[in-house]
Amino acid sequence: MAELSTITATSAAIALGQKTNPTNHNRVRVAVIETVPNYAAPANGDTFASGIVLPKGSRLLCPVTVSNGTNTASTTLSVGLRDPITKVAIDATAVVNAAAIATAATAQFNTGTKVSAGQTYTLTQDTELYCTFGGATPAANVDIRVEVSYVAP
């Protein structure tokens, strides 16, 4: 029987002095983003920062877990990447693309532009995680928690 060569095996074979590439085999860390208990109703399109900067060379993992309380109908949440200094978006939907958060739930998503369809993404620079509301005007004081797993370099 033939064996299919994988990116992980190929990376390990060509890495000098390493058994595996750090983004293929290293500690998994989880960045946790949570809203504060009390906040005014944001506008559709408003963002909120996590202040969490993932270092260059980190590899995003799936799935991303989003847990939320009941929100207004049609409200969505996207999780993106931006430059931690300039706050300029690198990709507003890189991690989660328009997750429905109208109904209270905990769900896992593989919808981000950098993590869907089996693709892998390793950060090319230090990057901050941030969230954007979409779809409708969100309600005030809704608890939201986002857990983004990644392999650190």
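In what follows, residues are counted from 1 in the order of the sequence shown.
Atom NZ of Lys56 is surrounded by 12 or fewer heavy atoms from other residues, nucleotides or ligands within 6.0 Å.
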CA sep, side-chain torsions, deciding dist, call: Leu60, Leu54, side-chain contact (heavy atoms from CB on, under 4.5 Å): CA-CA 10 Å; Leu60 298 175; Leu54 304 182; 3.9 Å; yes
side-chain hydrogen bond (donor to acceptor under 3.5 Å, both in side chains) assessment of Arg82 paired with Thr127: CA-CA 6 Å; Arg82 68 182 181 185; Thr127 306; over 6 Å; no
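Glu128 places a side-chain N or O within donor-acceptor distance of the main-chain N or O of Gly51, the cut-off being under 3.5 Å. Of the possible polar contacts, none joining the Ser78 side chain to the Ala92 backbone as a donor-acceptor pair under 3.5 Å is found. At least one donor-acceptor pair under 3.5 Å links the side chain of Thr76 to the backbone N or O of Gly134. Between the side chain of Thr35 and the backbone N or O of Val142, at least one donor-acceptor pair lies under 3.5 Å. In terms of modelled atom types and a separation under 3.5 Å, the side chain of Gln125 and the main chain of Gly57 share no donor-acceptor contact. Side chain of Ser149 to main chain of Leu61: no donor-acceptor pair is present (N/O by atom type, distance under 3.5 Å, no hydrogens or angles).
Centroid-to-centroid, the aromatic rings of Phe48 and Tyr39 stay 6.0 Å apart or farther.
Between the CZ atom in Phe133 and the OG1 atom in Thr47 there is a gap of 9.5 Å [rounded to 0.5 Å]. To the nearest 0.5 angstrom, Asp83 atom CG is 11.5 Å from Tyr130 atom OH. The line from CD1 of Ile101 to CG of Asp143 is 11.5 Å long, rounded to the nearest 0.5 Å.
Across all non-hydrogen atoms, the minimal contact from Cys62 to Val115 is SG-O, 3.3 Å. Across Asn44 and Gly135, no two heavy atoms sit closer than the pair OD1-N, 3.5 Å. Minimum heavy-atom separation, Pro138 to Asn71: CA-OD1, 3.4 Å. Among all heavy-atom pairs drawn from Ala102 and Ser74, the shortest one is CB-N, 3.9 Å. Of all the heavy atoms in Thr137 and Thr75, the pair that sits closest is O-OG1, 4.1 Å. Contact record, Tyr121 with Leu81: CE2-CD1, 4.0 Å, taken as the closest heavy-atom pair.
Tracing side-chain contacts under 4.5 Å through hydrophobic residues (I, L, V, M, F, W, Y), one reaches Val79 starting from Phe109; they form part of the same cluster. Side-chain heavy atoms closer than 4.5 Å link hydrophobic residues (I, L, V, M, F, W, Y) into clusters, and following such links, even through other members, never connects Val53 to Ile85. Hydrophobic clustering places Val64 together with Ile144 (ILVMFWY residues linked when any side-chain heavy atoms are closer than 4.5 Å, directly or through intermediates). Under the 4.5 Å side-chain heavy-atom criterion for Ile, Leu, Val, Met, Phe, Trp and Tyr, Val146 and Ile52 are members of the same hydrophobic cluster. Placement of Leu77 and Ile33 within a single hydrophobic cluster is found when ILVMFWY residues are connected by side-chain heavy-atom separations under 4.5 Å, directly or transitively.
A donor and an acceptor atom, one from each side chain of Asp91 and Thr113, are located under 3.5 Å apart.
With contacts defined as side-chain heavy-atom distances shorter than 4.5 Å, the pair Val95/Thr111 does not qualify. Within the 4.5 Å cutoff, the side chain of Ser50 has no heavy atoms near those of the Cys131 side chain. A 4.5 Å side-chain heavy-atom check between Val32 and Glu34 finds at least one atom pair inside the cut-off.
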